[in-house]
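Only one structure is covered here, and it is reproduced in the block below.
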Amino acid sequence: MRASLIQIGVDQDESVDSRRLRVAGLVREQAGADLVVLPELWTTGAFAFESFTAEAEPLEGPTYEVMAKAASDAGVWLHAGSIPERDPEGPLYNTSLVFSPSGDLAAAYRKIHRFGFDKGEAVLMGAGSELVTLRLPETTIGVATCYDLRFPELFRGLVDAGAETFVIPAGWPERRRAHWTLLAKARAVENQAYVLACGTAGTHAGVPQAGHSIVVDPWGEVLAEAGSDEEILTVDLDPAKPATTREQFPALKDRLLGLETPRR
Ligand SMILES: NC(=O)CCC(=O)C(=O)O
């Protein structure tokens with residue numbers, strides 16, 4: 001299974017419309033991959049709070065249109081990162097979109113843990129409440145977004161729902177890059193799952209981004225890691241590896257807490 005993570009540079013000297021078209025071109029260039037992944041809030045930048053309201057779009061808005069077409073043109077499963085979603089009946093959400101190779105929306109995930117404490121995303125956006133997994137031909141993905149990476153119980157919930165591969169778009173800042181790589185490895189090892197974590201490059205709203213998109217296998221081995229600039233990581237994954245790892249080292253079977261029916 002071939003995955004491509006597109007670590008987009010998000011700089012405010014490029015308009016949102018131009019970036020959408022440029023990114024669609026990059027997705028089309030990944031024809032031949034099975035799964036393509038984009039970062040969190042790459043239209044605005046995850047820290048460009050002041051533009052969330054102005055750039056918010058309905059679920060089936062301009063990013064949806066352009067990315068659905070790019071997925072079908074490339075014939076790939078596309079995790080198109082997240083958009084600031086305007087729900088006509090409610091608040092804004094930080095919503096990830098996953099398209100099938102025919103360009104249909106296969107899943108949407110509203111970020112559960114909003115970042116910023118009492119500022120920024122945490123006050124501008126509503127919290128999602130539903131875990132999302134999706135069966136692709138070769139693996140079951142579980143989706144999470146950026147700050148969610150700090151909440152291991154979310155990932156355990158995704159494992160319980162069948163996830164073998166976590167797909168995590170992000171806009172993680174350079175200042176806490178050490179946490180990003182540490183937590184990506186931890187989520188892979190503790191859940192015996194692949195982690196595909198795709199961040200942004202560049203600087204937006206004065207916040208330098210970490211980049212360093214990373215692919216970690218179920219043993220915690222880093223299969224690929226980007227630098228800080230715009231970059232595309234392409235990796236070949238063995239879809240059987242989460243299952244074989246869980247068989248060979250069955251630590252998940254020793255869980256005692258947090259299960260509706262304890263195993264012992
Ligand atoms: N966009 C985010 O969720 C940022 C998360 C972050 O900066 C952190 O967890 O640290």
Side-chain angles (χ1 to χ4, degrees), residues 5-12 16 19 23 37-57 63 79-86 91-97 108-132 142-158 166-188 190-191 195-214 216 225-226 228 230:
L5 281 61
I6 306 181
Q7 178 171 291
I8 294 158
V10 180
D11 291 298
Q12 271 142 336
V16 171
R19 184 151 49 246
V23 170
V37 184
L38 303 179
E40 178 188 30
L41 297 177
W42 54 269
T43 54
T44 54
F47 284 86
F49 308 128
E50 72 289 349
S51 58
F52 287 175
T53 304
E55 295 295 344
E57 45 184 303
T63 303
H79 187 312
S82 70
I83 57 165
E85 180 205 350
R86 182 185 305 286
L92 304 186
Y93 291 99
N94 184 340
T95 303
S96 289
L97 306 173
Y109 165 67
R110 287 174 166 169
K111 183 178 182 182
I112 292 177
H113 303 96
R114 297 156 299 161
F115 182 67
F117 309 110
D118 54 357
K119 297 198 293 261
E121 182 188 17
V123 294
L124 293 169
M125 287 181 165
S129 56
E130 287 180 21
L131 300 187
V132 173
V143 294
T145 306
C146 201
Y147 186 51
D148 282 334
L149 190 56
R150 295 186 182 271
F151 299 86
E153 62 277 17
L154 166 60
F155 292 83
R156 274 291 149 91
L158 292 171
F166 299 131
V167 182
I168 310 166
W172 201 278
E174 168 61 20
R175 190 154 176 239
R176 293 183 289 280
R177 170 147 64 91
H179 296 188
W180 163 253
T181 44
L182 179 69
L183 291 168
K185 289 183 203 171
R187 297 296 87 87
E190 75 195 356
N191 296 296
V195 166
L196 312 182
C198 183
T200 47
T203 295
H204 56 264
V207 181
Q209 294 295 288
H212 283 261
S213 296
I214 190 165
V216 191
E225 183 172 351
S228 304
E230 187 157 305

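Whatever order the structure lists them in is the order used to number ligands and atoms, beginning at 1.
Heavy atoms of His179 stay at 4.0 angstrom or farther from ligand 1. A heavy-atom separation below 4.0 Å is not found between His113 and ligand 1.
Side chain of Gln12 to main chain of Ala205: a donor-acceptor pair is present (N/O by atom type, distance under 3.5 Å, no hydrogens or angles). Checking side-chain atoms of Gln7 against main-chain N and O of Ser213 turns up a donor-acceptor pair under 3.5 Å.
Side-chain atoms of Gln209 and Thr200 form a donor-acceptor pair, as typed in the model, at a separation below 3.5 Å.
Note: an N/O pair closer than 3.5 Å links Tyr147 and ligand 1 by distance alone. Here's the thing with Glu40: one of its N/O atoms is less than 3.5 angstrom from an N/O atom of ligand 1.
Here the rule is side-chain contact (heavy atoms from CB on, under 4.5 Å) with Asp148, and of Leu154, Leu158, Ile168 only Leu154 fits it.
Close approach of ligand 1 to Arg150 (heavy-atom distance below 4.0 Å) involves ligand atoms 8 (C), 9 (O), 10 (O). Residue contact check: Cys146 has heavy atoms under 4.0 Å from atoms 1 (N), 2 (C), 3 (O), 4 (C), 5 (C) of ligand 1.
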Using the rule given for side chain to side chain donor-acceptor pair (under 3.5 Å), can you reason through Glu57 versus Thr63, listing the C-alpha separation, both sets of side-chain angles and the distance that settles it, and then say yes or no? CA-CA 8 Å; Glu57 45 184 303; Thr63 303; 2.6 Å; yes
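Taking the six-membered ring for Trp and the full ring otherwise, Phe151 and Tyr147 have centroids separated by under 6.0 Å.
Ranking protein heavy atoms by distance to atom 10 (O) of ligand 1, first place goes to Arg176 NE, 2.5 Å.
Here Lys111 has side-chain heavy atoms under 4.0 Å from ligand 1, and that is the only part of it that gets that close.
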